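Fair warning: this is a prediction, and the values are worked out from it, not measured in the lab. Just the heavy atoms: all of them, side chains too, but no hydrogens, waters or symmetry mates, feed the values below. Naming: A, B, ... by sequence-line order, numbering from 1 per chain.
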2 protein chains.
Amino acid sequence: MEHNGQQVGRPRDSRVDEAITAAVRKLLGEVGYAGLTVAAVAECAGIGKASIYRRYATKHEMIFAAVVHGEVLEVPPDTGSLLGDLTALARVIVGHLSNPAAAGALMSLLGEIAADPTLAERFTTTFVEPERAGNAELLERAVRRGELERLPDIDLFHAMFGGTVLSWLFISHHDPHDLPERLARFACAALRSAAHQPFPSD
Amino acid sequence: MEHNGQQVGRPRDSRVDEAITAAVRKLLGEVGYAGLTVAAVAECAGIGKASIYRRYATKHEMIFAAVVHGEVLEVPPDTGSLLGDLTALARVIVGHLSNPAAAGALMSLLGEIAADPTLAERFTTTFVEPERAGNAELLERAVRRGELERLPDIDLFHAMFGGTVLSWLFISHHDPHDLPERLARFACAALRSAAHQPFPSD
DNA sequence: CATCATACGAGACTACAGTTTCGAAACTAC
DNA sequence: GTAGTTTCGAAACTGTAGTCTCGTATGATG
């Protein structure tokens with residue numbers, strides 16, 4: 001009998017986990033999201049498919065885990081000004097989304113999410129919430145500095161900033177390099193203006 | 001020999017086209033994008049699958065065509081003010097994207113587009129360009145009215161406006177109803193502010 | 001050391017959905 | 001009418017996600 005929650009039986013080989021993650025990333029880069037097959041991942045990792053399905057319920061969860069692994073968007077350090085912070089933030093987001101493999105995976109993931117509430121939940125806690133919190137911190141800094149009179153609508157700002165990058169890259173297909181400064185300038189002007197007249201009808 | 005571009009052979013049955021479109025829309029509403037199968041579409045439409053593939057190269061193109069069919073985003077009429085125009089525009093976009101079937105289709109389509117340049121091209125000419133042109137017209141109106149001193153960065157505005165809606169609905173999963181007025185106020189403030197100091201370093 | 005529970009790689013197997021092929025039918029040109 | 005071309009629905013083909021079984025390996029328990 002096992003004691004406590006102590007593991008009984010053969011323990012999992014952590015090298016298998018690493019091999020799966022590495023194989024998914026390698027193959028995403030080579031054949032893209034659409035061309036990725038579970039069998040190919042198993043072969044590339046030198047393992048059996050069963051070892052994959054023992055860890056992940058579906059192919060999508062496997063990819064999600066591999067892409068996400070440690071990919072938290074850290075808040076860029078304080079640059080001393082709102083404009084500087086916004087530019088740095090835009091660069092970080094653009095940097096992450098400019099990787100073609102990650103980009104394809106993300107978009108396909110969004111497609112899946114539209115039809116899978118479980119995946120949507122996980123995506124939210126893993127990506128959306130931390131990023132929103134990071135945005136909030138950045139804006140609070142600006143308030144502390146006195147650059148903004150009051151905290152703006154964080155939900156709206158968050159959707160605006162990330163959404164603009166998404167649309168710029170994947171819908172308009174514009175040059176990633178052009179975006180950060182333009183977006184930061186625009187957002188900075190908007191925030192300053194909105195802070196003065198948050199509710200025009202008041 | 002055929003004369004001119006005159007059609008030779010058995011002509012297509014236009015009722016088949018209509019039946020496909022109707023079946024796709026009906027099934028999208030019933031089973032969602034993920035649950036949609038070509039076989040089900042064929043059966044629901046009372047036709048063979050070959051008749052579908054003679055018209056569309058892939059399942060995604062079929063859905064794209066069915067969802068898009070006549071779904072051009074018209075520019076909302078002049079409301080007399082920039083804020084009013086922006087609110088109306090946001091409502092139109094939110095309205096289109098709030099339909100769950102269309103939403104799922106769009107997101108999955110974006111996933112496909114990330115890996116299919118041909119589809120990307122078609123998506124751009126069908127959706128992106130007209131919408132950008134609509135945005136431009138709306139902004140020109142504001143300049144003519146004197147609400148804006150000069151025309152803002154249209155590419156950026158376009159990515160910002162549509163991207164915010166996209167992110168608000170499909171990434172943050174916020175309430176569609178809350179968005180239009182908030183976004184319009186924010187964008188209006190941003191545009192007025194940016195028009196005064198388009199290049200802060202000048 | 002013996003037992004038990006689990007993980008492992010390999011590969012067969014099932015189910016299902018996208019895509020293609022096929023014979024019959026419909027229509028035009030001559 | 002006949003030939004040629006294209007569409008039609010039905011059925012076959014192809015490939016992949018996901019499951020299952022097998023024999024083996026690994027570690028904990030006693």
Side-chain angles (χ1 to χ4, degrees), chain A residues 1-24 27-28 31-66 108-109 111-112 115-116 118-119, chain B residues 1-20 23-24 27-28 30-66 105 108-109 111-112 115-116 118-119:
Chain A
M1 297 169 193
E2 83 284 4
H3 292 156
N4 301 331
Q6 197 67 13
Q7 198 114 353
V8 62
R10 177 175 176 175
R12 285 195 184 165
D13 187 341
S14 65
R15 288 171 309 182
V16 171
D17 296 78
E18 291 160 18
I20 293 173
T21 300
V24 169
L27 290 172
L28 268 184
V31 302
Y33 191 101
L36 192 78
T37 69
V38 177
V41 171
E43 190 188 359
C44 176
I47 61 171
K49 284 197 295 179
S51 296
I52 292 176
Y53 282 101
R54 205 168 286 114
R55 290 167 169 76
Y56 309 107
T58 68
K59 172 188 171 185
H60 299 292
E61 294 212 5
M62 172 190 73
I63 299 176
F64 180 72
S108 296
L109 212 54
E112 281 298 310
D116 181 345
T118 302
L119 202 59
Chain B
M1 297 172 193
E2 83 284 5
H3 290 158
N4 300 331
Q6 197 68 11
Q7 196 105 357
V8 63
R10 179 174 175 174
R12 283 196 183 163
D13 187 342
S14 65
R15 287 169 311 182
V16 171
D17 296 77
E18 292 160 18
I20 293 173
V24 170
L27 290 172
L28 268 184
E30 289 176 2
V31 302
Y33 190 100
L36 192 78
T37 69
V38 176
V41 172
E43 189 188 0
C44 176
I47 61 171
K49 288 194 278 185
S51 297
I52 292 176
Y53 281 98
R54 200 166 292 108
R55 290 166 170 75
Y56 310 108
T58 68
K59 172 189 171 186
H60 299 290
E61 294 212 3
M62 171 191 74
I63 299 175
F64 181 70
S108 296
L109 210 54
E112 280 300 307
D116 182 347
T118 302
L119 200 58

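Nearest approach of A42(B) to K49(B), heavy atoms of both residues: CB-CG, 3.7 Å. Nearest approach of R55(A) to I20(A), heavy atoms of both residues: CD-CD1, 3.7 Å. Smallest separation of non-hydrogen atoms from L36(B) and L28(B): CD1-N, 4.1 Å.
Taking the nucleotide of DNA chain C with the nearest heavy atom to each of A50(B) and A45(A), the more 5' of the two is matched to A45(A). In terms of position along DNA chain D, the nucleotide closest to G9(B) lies nearer the 5' end than the nucleotide closest to the other residue of the pair I47(B) and G9(B). Comparing T58(B) and P11(B) along DNA chain C, the residue whose closest nucleotide (by nearest heavy atom) sits nearer the 5' end is T58(B).
L36(B) comes within 4.0 angstrom of sugar-phosphate atoms only, judged by non-hydrogen atoms across all strands, and of no base. Among the heavy atoms of the strands lying under 4.0 Å from R54(B) is at least one base atom, whether or not backbone atoms are also near.
With rounding to whole Å, I20(A) atom CD1 is found 8 Å from dC8(C) atom P. Spacing between atom NZ of K49(B) and atom P of dT20(C) amounts to 12 Å, rounded to whole angstrom units. What separates CD of E61(A) from P of dA17(D) is a distance of 15 Å, to the nearest Å. In this structure, I63(B) atom CD1 and dT19(C) atom P are separated by 10 Å, rounded to whole Å. In this structure, R15(B) atom CZ and dC8(D) atom P are separated by 10 Å, rounded to whole Å. For the pair E43(B) CD and dA11(D) P, the computed distance is 12 Å after rounding to whole Å. For D17(B) and dC8(D), the CG to C1' distance is 13 Å, given to the nearest whole Å. The nearest whole Å value for the distance from the OH atom in Y53(A) to the C1' atom in dT19(D) is 9 Å.
Side-chain N/O atoms of R55(B) include one lying less than 4.0 angstrom from OP1 or OP2 on dC8(D). Between S51(A) and dG9(C) there is a side-chain polar atom (N or O) within less than 4.0 angstrom of OP1 or OP2. For the pair R12(A) and dA7(C), the criterion of a side-chain N or O lying under 4.0 Å from OP1 or OP2 is met.
Counting atom types as modelled, K59(B) pairs no side-chain N or O with a base atom of dT19(C) as donor and acceptor under 3.5 Å. In terms of polar N and O atoms assigned as donor or acceptor, the side chain of R10(B) never comes within less than 3.5 Å of the base of dA26(C) in a complementary pairing.
More than 12 non-hydrogen atoms from other residues, nucleotides or ligands lie less than 6.0 angstrom from CD of E30(B).
Two residues are said to be in side-chain contact when any heavy atoms from C-beta on lie closer than 4.5 Å; T21(A) and D17(A) fail this criterion.
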